Asks: 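Sharing a structure below in structure tokens format, with a few things to ask.
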There are 2 protein chains.
Amino acid sequence: MNFRAVDVAQTKSATEIVFDSLRQAIIMGELEDGAPLRQEEIAKAFNTSRIPVREAIARLEQLGLVETRRYKGAVVAAITNDEFDEIFDLRALVESDAIRRAVPMMTRASLVLARSCHEDFAKATAPEAWPDLNRKFHCSLYGAAQAPNYLKVINGLLDRLDRYLRVQLCLTDGMERATREHEAILSACESGDAERAASLTYDHVQGVKASVLDYLKTKRDQA
Amino acid sequence: MNFRAVDVAQTKSATEIVFDSLRQAIIMGELEDGAPLRQEEIAKAFNTSRIPVREAIARLEQLGLVETRRYKGAVVAAITNDEFDEIFDLRALVESDAIRRAVPMMTRASLVLARSCHEDFAKATAPEAWPDLNRKFHCSLYGAAQAPNYLKVINGLLDRLDRYLRVQLCLTDGMERATREHEAILSACESGDAERAASLTYDHVQGVKASVLDYLKTKRDQA
DNA sequence: AGACTTTATATTGGATACAATCTTTAATCA
DNA sequence: TGATTAAAGATTGTATCCAATATAAAGTCT
């Protein structure tokens, strides 16, 4: 296994580097569900000792990205279908309210930024970049609300979902549809209609959930 | 400084014991905002080394309960007025939706439990027990929704607010009013009216927020 | 005296070493 | 052979030691 350090700036401690890199690897799906995180192995990969690795894993556990059992180590935390459903509902709830708060505070600059993110997403061809660009677009909208705790909750939820979204994207019209729905949300923001933006965001998230659950269902039926 | 271990069961690692104890101490307000968490000192108090302490602090930081700066250590994370407002809004949003989901799934047993928690809260005389009993009551209602992620988010928000609520309680009619509002919420649940329960919960949380902000404002004006 | 430099101390970040526990393999017995 | 037990190896949990950095105190120069 070969991890690459996310940021090698000297202002970051080894713990932070390991944490960021592992988090990224999990979000990106480079580590499958249930994959064990061996401390020694990771320490070697980062050319450090086990201490920073342990602290990084402790943090990941708080985020719900890994599960650890005493003397058995940590594994990437899988998600049940019920949890999947639940987390999407939370997203829809919190993100729609976040955008409702954000719209009245949006400036010309923040709208320009958001449209730029939207275009980056629409033009993206590489599936592995999709979740990140999607997140950037949504957060560029929510950012105007100046609500760090909303963002923290939202990012925590996305962290746990991202790696499941990539697979689905390649097999459906997800990308095209997402772009269309993003455009609608963005234009609602530009016209200052907070309630419409909130409603569209809610439907967008619920739509993605339905699409993913449907995909998982058909895949299970085939097996 | 003298911490007491929350749970000394041998199935818990030192890291977990330190984590639980520190978290409890912060929530309970035994450690003031900005109070430094010296690793050596804590390690001595728990009769252990600094390693488990460091891991515990790393976890607390993920939860937003402490802030650490390289080579300067961790301090209990204070909260700005804006954040206070924001976190209460999040609570109102998520808790009202949690109870909306929970009501249709409540059983006779879960309602009995909730009423018991309600009575424990109503009868409580010691202010230091209030936040915990309040949380138990609310969570006994949300529990029926079988939504662990909702609960996790809610508990994370409460963790950051609890220590600020105690002070306010002693100086207002907060306790009496909370009991009255809890009774209304509970009876909405008992009659199976999810929308009313949700609406009452939303107003309850927003009411507490207004009361606390008002208290803080008058206190600041006096100074 | 006051400002700057230097040294000493305190504190955190990390590495190595050891102990506790789990897992796997080998050995033993029916 | 198959099951059971015992030993070896792997892996995590913790303690101790050293390094890096920050803070505080003492010293020096003008």
Side-chain angles (χ1 to χ4, degrees), chain A residues 1-3 5-23 25-26 31-32 34-63 65-77, chain B residues 1-3 5-23 25-26 31-77:
Chain A
M1 209 170 315
N2 208 339
F3 303 102
V6 158
D7 187 331
V8 201
Q10 267 126 1
T11 57
K12 276 196 175 181
S13 66
T15 298
E16 287 165 345
I17 295 172
V18 174
F19 170 75
D20 288 344
S21 304
L22 286 181
R23 171 173 166 276
I26 294 173
L31 293 167
E32 292 183 3
L37 272 59
R38 301 276 167 235
Q39 298 177 1
E40 191 93 29
E41 181 184 7
I42 296 167
K44 264 186 194 162
F46 285 96
N47 202 27
T48 178
S49 84
R50 277 171 45 217
I51 302 295
V53 175
R54 291 177 52 87
E55 286 187 30
I57 290 177
R59 291 156 101 119
L60 292 170
E61 189 179 12
Q62 279 314 311
L63 297 181
L65 291 179
V66 307
E67 282 171 357
T68 73
R69 288 207 336 241
R70 197 174 161 83
Y71 296 117
K72 296 197 65 177
V75 298
V76 177
Chain B
M1 207 171 318
N2 206 340
F3 303 101
V6 158
D7 188 331
V8 201
Q10 269 127 0
T11 57
K12 276 196 174 180
S13 67
T15 298
E16 287 165 347
I17 294 174
V18 173
F19 170 75
D20 288 343
S21 305
L22 286 180
R23 171 173 166 276
I26 294 172
L31 293 167
E32 291 182 3
D33 286 358
L37 272 58
R38 301 274 168 239
Q39 299 177 1
E40 191 92 29
E41 181 184 6
I42 296 168
K44 264 186 194 161
F46 285 97
N47 201 28
T48 179
S49 85
R50 276 170 46 216
I51 303 294
V53 175
R54 294 182 44 171
E55 286 188 26
I57 290 176
R59 292 158 100 118
L60 291 170
E61 191 180 10
Q62 275 318 307
L63 297 181
L65 291 177
V66 307
E67 281 170 358
T68 73
R69 293 221 315 256
R70 198 173 160 83
Y71 297 117
K72 295 197 64 175
V75 298
V76 177

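A quick note: this is a predicted structure, and the numbers were derived from the prediction, not measured.
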Asks: Under 4.0 Å from OP1 or OP2 of C:dG14: is there any side-chain N or O of A:Thr15 that close?
Replies: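 Indeed, a polar side-chain atom of A:Thr15 lies that close.
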Asks: D:dT12, D:dG13, C:dG13: which one has an atom nearest the side-chain heavy atoms of A:Ser13?
Replies: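 Nearest nucleotide to the side chain: C:dG13.
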Asks: Using only heavy-atom distances, decide whether a donor-acceptor pair under 3.5 angstrom links the side-chain of A:Arg54 to the base of C:dG14.
Replies: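 A donor-acceptor contact between them is absent.
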Asks: Expressed as a whole number of angstroms, how long is the span from B:Lys12:NZ to D:dG13:P?
Replies: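 Nearest whole value for this atom pair: 15 Å.
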Asks: Does D:dT12 have OP1 or OP2 under 4.0 Å away from a side-chain N or O of A:Arg38?
Replies: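 A:Arg38 to D:dT12 OP1/OP2: side-chain N or O found under 4.0 Å.
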Asks: Rounded off to whole Å, could you give me the CZ-to-C1' distance for the B:Phe46 and D:dA15 pair?
Replies: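 Between C1' of D:dA15 and CZ of B:Phe46: 17 Å.
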Asks: Specify the separation, in whole Å, of atom NZ of B:Lys44 and atom P of C:dA10.
Replies: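 Going from B:Lys44 (NZ) to C:dA10 (P), I get 11 Å.
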Asks: Can you tell which of D:dG13, D:dT14, D:dT11 lies closest to the side chain of B:Ser49?
Replies: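 Shortest atom-to-atom distance from the side chain points to D:dT14.
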Asks: Among the candidates D:dT23, D:dA15, D:dT12, find the nucleotide nearest to the side-chain atoms of A:Gln39.
Replies: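 Selected nucleotide: D:dT12.
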Asks: Measure CD1/B:Ile42 against C1'/C:dT11 and give the value in whole Å, please.
Replies: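 It works out to 12 Å between those atoms.
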Asks: Return the 5'-most residue of the pair A:Arg69, A:Thr48 with respect to DNA chain C, ranking by each residue's nearest nucleotide.
Replies: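 In this pair, the answer is A:Thr48.
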Asks: When all nucleic acid strands are considered with a 4.0 Å heavy-atom cut-off, which category describes A:Thr68: base, sugar-phosphate, or nothing?
Replies: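 A:Thr68: no heavy atom of the nucleic acid under 4.0 Å.
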Asks: Examine the base of C:dG14 for any acceptor or donor lying under 3.5 Å from a partner atom in the side chain of A:Arg50, and report the outcome as yes or no.
Replies: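 Check fails, no donor-acceptor contact within cut-off.
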Asks: So, for B:Ala74 and B:Ile57, which heavy atoms are closest and what is the spacing to 0.1 Å?
Replies: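 Between these two residues, the closest heavy atoms are CB-CG2, 3.7 Å.
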Asks: What pair of heavy atoms forms the shortest contact from B:Ala77 to B:Glu67, and how long is it?
Replies: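 Looking at all heavy atoms of both residues, the shortest contact is CB-CG, 4.0 Å.
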Asks: Could you tell me which non-hydrogen atom of A:Leu22 sits nearest to which non-hydrogen atom of A:Leu60, and how far apart they are?
Replies: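 Of all heavy-atom pairs spanning A:Leu22 and A:Leu60, the closest is CB-CD1, 3.7 Å.
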Asks: Could you pick out which residue, A:Tyr71 or A:Glu55, lies toward the 5' side of DNA chain C when each is mapped onto its nearest nucleotide?
Replies: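 Whichever sits nearer the 5' end wins; that is A:Glu55.
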Asks: Would you say C:dT23 has OP1 or OP2 under 4.0 Å from some side-chain N or O of A:Lys72?
Replies: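 Checking A:Lys72 against C:dT23: at least one side-chain N or O falls below 4.0 Å of OP1 or OP2.
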Asks: When the distance from CD of B:Glu16 to P of D:dG13 is rounded to whole Å, what number comes out?
Replies: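 That distance rounds to 9 Å.
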Asks: Whole Å only: how far is the CZ atom of A:Arg70 from the C1' atom of C:dT23?
Replies: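 Checked: the CZ to C1' distance equals 17 Å.
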Asks: Identify the heavy atoms of B:Leu65 and B:Arg23 that sit nearest to each other, and give their distance.
Replies: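 Taking B:Leu65 first and B:Arg23 second, the nearest heavy atoms are CD1-CG, 4.1 Å.
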Asks: Taking CD1 from B:Ile51 and C1' from D:dC17, how many angstroms apart are they, rounded to a whole number?
Replies: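 Rounding to the nearest Å, CD1 of B:Ile51 and C1' of D:dC17 are 11 Å apart.
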Asks: Select base, sugar-phosphate, or nothing to describe what A:Leu37 touches, counting heavy atoms under 4.0 Å on all strands.
Replies: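 Sugar-phosphate contact only - A:Leu37 comes under 4.0 Å of backbone atoms but never of a base.
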Asks: Once you round it to whole Å, what is the distance between P of C:dT11 and CD1 of B:Ile57?
Replies: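 Going from B:Ile57 (CD1) to C:dT11 (P), I get 13 Å.
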Asks: For residues A:Asp20 and A:Lys12, report the shortest heavy-atom separation together with the two atoms involved.
Replies: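 Minimum heavy-atom separation between A:Asp20 and A:Lys12: OD2-NZ, 2.7 Å.
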